[in-house]
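Just so we're clear, the structure is a prediction, and the values are computed from it rather than from any experiment. Sequential numbering from 1 along the given sequence is applied to the chain's residues.
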Amino acid sequence: MAFPQSVRLVEVGPRDGLQNEPEAIATDTKLELIDRLGAAGLAHIEAASFVSPKWVPQMADHREVMQGLKRREGIVYSALTPNLKGLEAALECGVEEVAVFGAASEAFSQKNINCSVAESLERFAPVLERAREANVRVRGYVSCVLGCPYEGEIAPAKVAEVSRALFEMGCYEISLGDTIGTGTPLKAKRMLEAVARDVPMDKLAAHFHDTYGQALANLYAVLEEGVAVLDSSVAGLGGCPYAKGASGNVASEDVIYLLDGLGIESGIDLDALAATGSWITQAIGRPNRSKVGVALAAQ
């Protein structure tokens, strides 16, 4: 198949990246990061995570973040809402899109959200119903699509089963996550082939972590198959608290450099994005994991 002509990038750094920092990041820093990302051309930014402060204290300021946004026209500011309580809190903040997250691995589901895969899907039903009532779109995440830290290999059929359930439940888009970054291009293609039998390709997104340095290669592989929505984190921020050794998401700067080289339109200013990556890593005292960002900063 041919590459897509354009790609929508979903920036998950403000949520997926900063929630994995050992200490809370100042709310003003998060808000400035989101505004800088918007100025660089990101049109979809997952800004906050409405999870329990008991489990993820770094995200305790989710209300302050969502209500403090300097909203730019044409940008979707979404939030993660794992349950009905989180959704109601997000709705009070005027959120326009939310996301729920399941897993293709039973063991990971138990470790991550303390229930089985089937139970997690049951929990999402009232969230989807309430979101429909509020005219709010819901995006679905599936974790461990190319491997699990507890189960090892994950059957593509299992990924397809969970993806189909979320799609049929009402999620407008399904993001396929290589949570521990162990996937390789052929595995990524085989997984995608299985899922695309049940969920239309234009309703699928790729969310690949770079633990083994394979994220860009895996993205190239799924771009060849027609995936046109990619999740990433500025400066490669992030990780997974339930997956030992898992590094951050693929760096947004590296993805844009790849897309630019392929002639695929993204609408994102690479220089402004790289400057944002340099700024946020300096602000929080973390290394910049974007090879493109580091190279541009050295010029």
Answer yes when Asp254 and Lys291 have at least one side-chain N-carboxylate O distance shorter than 4.0 Å, and no when they do not.
-> no
Distance-only, no hydrogens or angles: does the Glu224 side chain make a donor-acceptor pair with backbone N or O of Gly226 under 3.5 Å?
-> no
Near Arg190 CZ, under 6.0 Å, is it more than 12 heavy atoms from other residues, nucleotides or ligands?
-> no
State whether the side chain of Thr179 and the backbone N or O of Cys144 hold a donor-acceptor pair below 3.5 Å, judged by distance alone.
-> yes
Between Glu96 and Val76, is there a donor-acceptor pair closer than 3.5 Å when you use the side chain of the first and the backbone of the second?
-> no
Val162 versus Ala103, closest heavy-atom pair with distance = CG2-O, 3.7 Å
Under 3.5 Å, side chain of Glu119 to main-chain N/O of Ser116, donor-acceptor pair present?
-> yes
Would you mind reporting whether Leu128 and Cys171 have side-chain heavy atoms less than 4.5 Å apart?
-> yes
Glu88 side, atom CD; Asn83 side, atom CG - distance, nearest 0.5 Å | 10.5 Å
Under 3.5 Å: donor-acceptor pair, side chain of Asn218, backbone of Gln214 = yes
Answer yes or no: is there an ion pair linking Lys187 with Glu153, defined by an N-O contact shorter than 4.0 Å?
-> yes
Closest non-hydrogen atom pair between Thr182 and Leu146, with its separation | OG1-O, 3.3 Å
Could you go through the side chain to side chain contact (heavy atoms under 4.5 Å, CB included) check for Trp279 and Glu32 one step at a time?
-> CA-CA 10 Å; Trp279 168 79; Glu32 184 171 351; 3.5 Å; yes
Do other residues, nucleotides or ligands put more than 12 heavy atoms under 6.0 Å from the OH atom of Tyr257?
-> no
Could you verify whether a donor N or O on one side chain and an acceptor N or O on the other, from Ser232 and Asn249, lie under 3.5 Å apart?
-> no
Glu133, CD: over 12 other non-hydrogen atoms inside 6.0 angstrom = yes
Do the side chains of Arg72 and Asp35 get nearer than 4.5 Å, heavy atoms only?
-> yes
Criterion side-chain contact (heavy atoms from CB on, under 4.5 Å) against Ser105, the qualifying member of Val142, Ile154, Val145 | Ile154
Less than 4.0 Å between a side-chain N and a carboxylate O, is that true for Lys158 and Glu161?
-> yes
Atom pair CG/OG of Leu176 and Ser143 - distance to nearest 0.5 Å | 10.5 Å
Would you say Leu230 and Leu219 make side-chain contact, with heavy atoms under 4.5 Å?
-> yes
Beyond-backbone contact of Glu253 with Val234, side-chain heavy atoms, under 4.5 angstrom = yes
Ring centroid separation for Tyr220 and Phe3, is it under 6.0 angstrom?
-> yes
Within a strict 4.5 Å, meaning less than it, do heavy atoms of the Val294 and Arg289 side chains meet?
-> no
May I ask you to decide if Phe50's main-chain N or O and Thr81's side chain share a donor-acceptor pair within less than 3.5 Å?
-> no
Check: Val95 and Met66 side chains under 4.5 Å, non-hydrogen atoms | yes
Note: Ile264 and Val7 closest approach over all heavy atoms is CG2-CG2, 3.6 Å
Quick one: pull up NE2 in His207 and OG in Ser175 and give me the separation to the nearest 0.5 Å.
-> 6.0 Å
Ser278 and Ala297: which non-hydrogen atoms are nearest, and at how many Å?
-> OG-CB, 4.0 Å
For the residue pair Tyr172 and Glu97, confirm or rule out a side-chain donor-acceptor distance under 3.5 Å.
-> yes
Where do Leu204 and Val229 come nearest, in terms of heavy atoms and distance?
-> O-CB, 4.0 Å
Would you say the side chain of Val100 lies within less than 4.5 Å of the side chain of Tyr141, judging by non-hydrogen atoms?
-> no
Asp178 side chain to Gly183 main-chain N or O, any donor-acceptor pair under 3.5 Å?
-> yes
Does Pro14 reach the side chain of Ile45, with side-chain heavy atoms less than 4.5 Å apart?
-> yes
Counting distance only, does the side-chain N/O of Asp61 pair as donor-acceptor with the main-chain N or O of Glu64 below 3.5 Å?
-> no
Search all heavy atoms of Ala205 against all heavy atoms of Arg139 and return the closest pair with its distance.
-> CB-NH2, 3.3 Å
